[in-house]
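Note sheet for the following structure.
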Amino acid sequence: MTKNFQKLPNKGETQFSFGVGAYDPKLVEEKIYSIWEKSGFFNPDNLPAQAGLPKAKEFFGKAQDKNYIIYMPLPNVTGTLHMGHLLNNTLQDVLIRYERMRGKRALYLPGTDHAGIATQFVVEKELKKEGINRWDLGREKFIARVWEWKNKYGDLIFNQLRKIGVSADWSRARFTMDQAYSDDILKTFVHYYEKGWVYQGLRTVNWCPRCGTSLSELELEYADEKTTLYYIKYGSFTLATTRPETKFGDTALAVNPKDERYKKYIGETIEVDSLSTDGELEKPEIKKIKLQIVGDDVVDIEFGTGVVKVTPAHDILDFEIGERHKLPMIQVINERGRMNESAGKYAGLKTTEARKKIVEDMKSVGLLVKEELYDHRIAKCYRCNTVIEPIPSKQWFLKMKELAKLAKKAVENGKVEILPKNFEKPYFDWLENIRDWTISRQIWWGHQLPVYYCKCADCDHAIVSLEQPKSKCPKCDCKEYRRSEEVLDTWFSSALWPFAGLSASDLKNYYPGNALITARDILNLWVARMIFSGLEFQGKLPFSKVFIHGTILTKEGKRMSKSLGTGVDPLKYINEYGADATRFGIIWQANGQDIHWDETSITAGRKFCNKIWNASKFVLSNVSEMGKIEKFKPTTEADKKIIAALEKIKISSGKNIETFNFSEALHEIYDFFWHDFCDEYLEIAKSQLAEKKTVETTKKILSYAIFESLKIIHPFMPFVTEEIYGILPIAGRKLLMIEKL
RNA sequence: GGACGGUUAGCUCAGUGGUAGAGCAUCGCUUUUACACAGCGAGGGUCGCUGGUUCGAUCCCAGCACCGUCCACCA
């Protein structure tokens with residue numbers, strides 16, 4: 001079998017190179033991918049001087065509107081290919097290949113995300129096997145370890161993407177911690193600071209005691225759990241809480257001002273019996289404490305008893321109540337999730353242990369009224385699954401008010417279209433109820449804040465600067481500073497991907513981009529932030545359309561997840577059925593709804609590969625030469641019918657791709673090729689080829705139809721079509737991936 | 001609690017105001033100058049339930065049930 005297009009015979013020579021039996025992707029895919037990569041055509045600007053290939057300008061032209069870019073959603077360096085990537089990257093590849101064949105300078109921009117917490121967690125797990133932790137190693141050595149890890153494994157996913165045929169320009173691959181990218185990020189921070197939007201504040205934040213860092217609300221995951229709801233006596237009031245261990249941090253009781261039962265108490269300060277933190281651990285005692293009673297709308301009259309204890313230090317909602325009513329804040333839990341010295345004799349206990357003990361003690365002194373079982377949602381760290389502990393912490397925040405307005409307006413006025421349209425609502429909901437973004441993280445792997453703290457004890461004055469400040473501290477005259485040890489939220493850097501990932505000239509040529517293809521779970525986490533970042537820093541939207549594809553669920557409709565063991569490995573399918581069949585299978589099912597993954601659609605894809613292969617073989621056995629392939633005037637009814645169907649499918653499949661109806665496009669292409677072309681026309685062609693009158697026309701139509709079909713199918717199933725194209729005796733052959741569609 | 005989506009053949013899903021479709025699976029026949037990963041043909045569905053609009057509803061409307069995803073400050 002001749003496999004390499006460069007070694008193919010010239011026109012006129014007969015070539016039977018399909019061999020015997022079914023199409024075998026194993027003999028084809030790796031070879032074809034390497035031909036593509038070597039051709040240089042993944043990079044629309046940098047074509048190799050390869051014999052027989054057209055020059056860039058000839059093919060693409062110069063006009064700006066011929067530039068087309070898709071930003072690959074950044075895979076994490078810890079990432080390996082999963083079904084979500086398979087769907088997402090395949091759809092993008094269909095688009096980019098389609099646009100490339102339509103004559104655009106199509107750039108598919110790849111990159112990887114340093115993925116702060118995720119990557120740090122992976123390396124920490126490695127260290128754990130060696131019996132050490134990151135503090136044993138120290139910051140510098142630890143970061144060196146992470147880099148080592150990144151250099152070794154960080155690009156694995158790129159090779160997996162190559163396996164599915166992704167035609168990204170790997171020469172442009174960026175990493176969010178590349179020097180230029182990092183510089184942009186720090187400048188962004190300073191820019192926001194100078195606008196007065198970055199500020200430092202002591203607030204109760206979501207804290208992961210294991211990772212030792214704050215998290216944004218989008219980095220939490222929730223688990224339904226049965227918890228006990230404890231009814232506790234506070235003087236004449238009884239209230240319900242799931243977290244009795246935070247009671248020593250209570251600084252008020254809150255009721256709803258509309259609540260007839262309690263509104264008369266608002267403003268009063270009461271003295272109540274509480275558990276004492278003094279004395280011996282084994283001897284629970286009662287102590288009088290004073291609490292004020294505040295009225296606040298957030299209190300639900302229906303829930304529990306309608307009275308809430310307010311613990312500003314350990315609950316985000318309570319913190320907000322505290323701010324509204326100027327309540328003091330008492331921290332009783334530390335960064336490691338243990339009770340601190342303010343908890344007196346309970347200090348040192350883990351919160352769960354403390355809860356048990358405190359409940360026991362309250363029982364024995366008569367403060368516990370009753371317990372009931374309660375369905376509760378518990379926030380957990382999205383990386384390590386540790387229960388989140390809200391604690392007060394000094395963090396850096398980005399004011400979201402103005403940025404959210406930008407992002408909201410862009411969609412409202414239609415400059416950015418979110419498709420399907422019903423995803424606009426969750427987008428608006430988030431932006432309308434947005435809180436300031438906690439952008440600092442207390443981990444080590446990431447972009448260190450461009451912040452310097454005065455070294456003097458008690459001063460700690462912070463200066464935001466790209467360089468080590470040389471001037472005296474305006475607060476204490478000291479001249480020595482230390483760089484902040486905190487790093488930025490990973491999403492702070494991914495938000496800049498559409499422009500920080502581009503060189504100056506690429507920025508000029510390719511920004512703004514076109515369509516963004518993504519899954520709905522990162523609509524706010526990523527898409528909204530790219531939108532306001534693009535507007536803020538480039539003055540232009542990064543893309544005009546956001547297409548949200550379905551989420552892949554198990555056949556039973558459950559979420560696919562590693563921890564649940566419900567995930568499947570797309571590489572398994574590629575090995576077993578080939579990349580084309582796998583691509584076919586996933587697009588076949590991706591109709592817009594969430595996908596209940598059914599691998600039998602890959603079977604259909606494999607069969608379709610074989611059908612294309614064999615139909616091509618039949619054409620080749622009858623057509624020894626495919627000179628100038630052009631539309632030929634049909635003569636018989638069958639000829640007319642097939643040409644008409646072909647012209648129709650060319651137009652409608654293109655339209656469907658451009659409107660993101662990938663599945664529909666594939667279904668109609670399948671129907672056309674299998675039924676109209678193979679079942680009907682090929683059968684009639686057999687008799688037409690036996691007739692002197694029709695033999696020549698039939699050959700021309702077969703040549704034309706197979707060639708056009710290969711082009712139409714190519715964006716979906718690039719390997720098999722490219723291979724066949726390389727076998728057919730086409731005059732002036734180059735590569736199917738750059739044939740004009 | 002809210003939002004959104006779903007409920008059609010054994011399975012996964014399309015679809016239309018007027019005798020219901022695909023892929024996979026099943027059954028029968030066929031090795032005919034591409035393909036048995038095939039061809040031809042067949043079986044299989046009161047299109048979640050209850051009302052309403054209509055000459056006519058799987059499709060439109062209302063209510064209900066169940067399933068799912070996301071969001072939310074019920075401590």
Side-chain angles (χ1 to χ4, degrees), chain A residues 16 18 20-24 217-218 222 227 229-230 232 239-244 246 250 253-254 256 296-311 314-321 374-377 420-430 433 435 519-521 523-524 550-551 553-559 577 581 584-585 588-622 663-664 666-668 670-671 674-675 677-679 682-683 685-687 689-690 702 706:
Chain A
F16 294 94
F18 284 96
V20 186
Y23 168 68
D24 183 359
E217 89 267 15
L218 295 175
Y222 295 90
T227 318
L229 189 60
Y230 301 95
I232 305 176
L239 58 82
T241 179
T242 55
R243 303 210 54 195
T246 63
D250 294 346
L253 298 183
N256 193 302
D296 202 293
D297 291 332
V298 298
V299 179
D300 184 343
I301 298 173
E302 305 295 321
F303 187 87
T305 58
V307 188
V308 189
K309 68 191 201 63
V310 184
T311 323
H314 297 294
D315 185 288
I316 290 177
L317 175 61
D318 288 4
F319 174 81
E320 286 170 3
I321 297 177
Y374 172 62
D375 288 317
H376 191 43
R377 239 169 46 124
K421 211 173 158 60
N422 48 321
F423 289 113
E424 280 183 3
K425 201 174 168 348
Y427 177 83
F428 288 135
D429 284 350
W430 185 67
N433 302 308
R435 295 174 191 211
R520 97 169 81 77
D521 53 340
L523 179 62
N524 294 327
T551 303
L553 308 171
T554 67
K555 199 166 178 176
E556 291 73 35
K558 301 281 185 233
R559 200 196 167 88
Y577 302 101
F584 177 103
W588 187 255
Q589 286 187 64
N591 57 56
Q593 297 295 328
D594 285 349
I595 298 158
H596 290 199
W597 176 244
D598 179 8
E599 65 178 86
T600 61
S601 61
I602 299 183
T603 308
R606 188 193 53 178
K607 290 182 174 185
F608 192 44
C609 282
N610 203 232
K611 197 73 182 173
I612 302 166
W613 183 254
N614 283 299
S616 305
K617 190 154 106 182
F618 173 77
V619 173
L620 183 62
S621 69
N622 287 288
S663 179
E664 202 176 327
L666 185 60
H667 275 86
E668 64 187 12
Y670 175 94
D671 279 343
W674 197 299
H675 302 298
F677 185 62
C678 294
D679 290 348
L682 287 194
E683 293 310 318
K686 285 173 188 171
S687 50
L689 287 165
L702 284 176
I706 198 74

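Since this is a predicted model, take the numbers as computed values, not measurements. Order of the sequence lines sets the chain letters (A, B, ...), proteins ahead of strands, with each chain counted from 1.
Here the CD1 atom belonging to Ile321(A) is positioned 4.5 Å from the CG atom belonging to Leu317(A), to the nearest 0.5 angstrom. The OG1 atom of Thr241(A) lies 7.5 Å from the CG atom of Leu229(A); values are rounded to the nearest 0.5 Å. To the nearest 0.5 Å, atom OG1 of residue Thr603(A) and atom OH of residue Tyr577(A) are 4.5 Å apart. Atom CD1 of Ile316(A) sits about 7.0 Å away from atom CZ of Arg435(A), to the nearest 0.5 Å.
When every heavy atom of Ile706(A) is checked against every heavy atom of Ser616(A), the shortest pair comes out as CD1-OG, 3.7 Å. Nearest heavy-atom pair, Leu702(A) versus Leu682(A), reported as atom, atom and distance to 0.1 Å: CD2-CD2, 3.5 Å. Smallest separation of non-hydrogen atoms from Val299(A) and Gly306(A): CG1-O, 3.5 Å.
By the ring-ring contact (aromatic ring centres under 6.0 Å, His included) test, Tyr23(A) pairs with Trp613(A), sequence neighbours left out. Every residue was checked against the side-chain hydrogen bond (donor to acceptor under 3.5 Å, both in side chains) condition with Asp300(A), not counting sequence neighbours, and none meets it. With sequence neighbours excluded, no residue satisfies side-chain hydrogen bond (donor to acceptor under 3.5 Å, both in side chains) with Asn256(A). Evaluation of the side-chain hydrogen bond (donor to acceptor under 3.5 Å, both in side chains) rule for Ser601(A) yields Gln589(A) as partners, not counting sequence neighbours.
Distance noted for atom C1' between U46(B) and A3(B): 34 Å (whole Å). Comparing G15(B) with U7(B), their P atoms are spaced 10 Å from each other, to the whole Å. Between G39(B) and C24(B), the two P atoms lie 9 Å apart (nearest whole Å). Of the P atoms belonging to U16(B) and A22(B), the separation is 16 Å, rounded to the nearest Å. The same atom, C1', is picked in A9(B) and in A34(B); the two are 32 Å apart, to the nearest Å. Comparing the same atom, P, in G6(B) and in U53(B) gives a spacing of 26 Å after rounding to whole Å. U58(B) and G43(B) are spaced 22 Å apart, taking the C1' atom of each and rounding to whole Å. For the C1' atom pair drawn from G68(B) and C29(B), the interatomic distance equals 44 Å after rounding to whole Å.
The nearest whole Å value for the distance from the CZ atom in Arg435(A) to the P atom in A72(B) is 9 Å. As rounded to whole Å, 5 Å separates atom P of G5(B) from atom CG of Asn422(A). Going from atom NZ of Lys686(A) over to atom C1' of U33(B) covers 7 Å, rounded to whole Å. When the P atom of C70(B) is taken as reference, atom CD of Glu424(A) falls 21 Å away, rounded to whole Å.
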Exercise. Which letter, B, S or -, goes with each nucleotide of nucleotides 21-27 of chain B from 5' to 3', with contact meaning a protein heavy atom under 4.0 Å?
Worked result: -SBSS--
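The Asn614(A) side chain lies nearest to C35(B) when the options are C74(B), C11(B), C35(B). With A14(B), A34(B), C73(B) as the candidates, the nucleotide lying closest to the side chain of Asn591(A) is A14(B).
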Between protein and nucleotides 1-3 of chain B, what N or O pairs are separated by less than 3.5 Å?
none

All N/O pairs under 3.5 Å across the protein-nucleotides 28-30 of chain B interface:
none

Might you list the N or O atoms of the protein lying below 3.5 Å from N or O atoms in nucleotides 40-45 of chain B, with each pair's distance?
none

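Residue contacts for Glu302(A): at a heavy-atom cut-off of 4.0 Å it reaches no nucleic acid atom on any strand shown. Residue contacts shown for Cys678(A) include a base, since a base heavy atom lies under 4.0 Å away. Using a 4.0 Å heavy-atom distance criterion, Val619(A) is classed as making no nucleic acid contact. Leu682(A) comes within 4.0 angstrom of a base, heavy atoms only. As judged by a 4.0 angstrom heavy-atom cut-off over every strand, His376(A) is placed among residues touching the sugar-phosphate backbone only.
Applying the salt bridge (Lys or Arg N to Asp or Glu O under 4.0 Å) rule to pairs touching residues 588-605 of chain A yields Arg520(A)-Asp594(A), Lys555(A)-Asp598(A), sequence neighbours excluded. Within the structure, no pair that satisfies the salt bridge (Lys or Arg N to Asp or Glu O under 4.0 Å) test touches residues 600-612 of chain A, not counting sequence neighbours.
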For this session: Decide yes or no on side chain to side chain contact (heavy atoms under 4.5 Å, CB included) for Thr246(A) and Lys309(A), but give the supporting numbers first.
Result: CA-CA 9 Å; Thr246(A) 63; Lys309(A) 68 191 201 63; 2.6 Å; yes
For this session: Take Asn622(A) and Phe618(A) through the side chain to side chain contact (heavy atoms under 4.5 Å, CB included) test and state the conclusion after the steps.
Result: CA-CA 7 Å; Asn622(A) 287 288; Phe618(A) 173 77; 3.4 Å; yes
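Between Lys611(A) and G39(B) there is a side-chain polar atom (N or O) within less than 4.0 angstrom of OP1 or OP2. Residue Arg559(A) places at least one side-chain N or O under 4.0 Å from the OP1 or OP2 atom of C70(B).
In this pair, Tyr670(A) and Phe584(A) present their aromatic rings tilted. The plane angle is within the 30 to 60° band.
Place Arg606(A) and Leu317(A) on RNA chain B by their nearest nucleotides, and Arg606(A) ends up nearer the 5' end.
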Exercise. Tell me, what's RNA chain B's dot-bracket, Watson-Crick or G-U with both distances under 3.5 Å, | for other-strand, [ ] crossing?
Worked result: (((((((..((((....[..)))).(((((.......))))).....(((((..]....))))))))))))....
If you look only at distance, which donor and acceptor atoms sit under 3.5 Å apart when one is on a side chain in residues 420-427 of chain A and the other is two or more places apart or in another chain?
unit_1: Lys421(A); atom_1: NZ; unit_2: Glu424(A); atom_2: OE2; d: 3.4
unit_1: Tyr427(A); atom_1: OH; unit_2: Ala407(A); atom_2: O; d: 2.8

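Looking at heavy atoms from C-beta onward, Asp318(A) lies out of side-chain contact with Asp250(A) at the 4.5 angstrom threshold.
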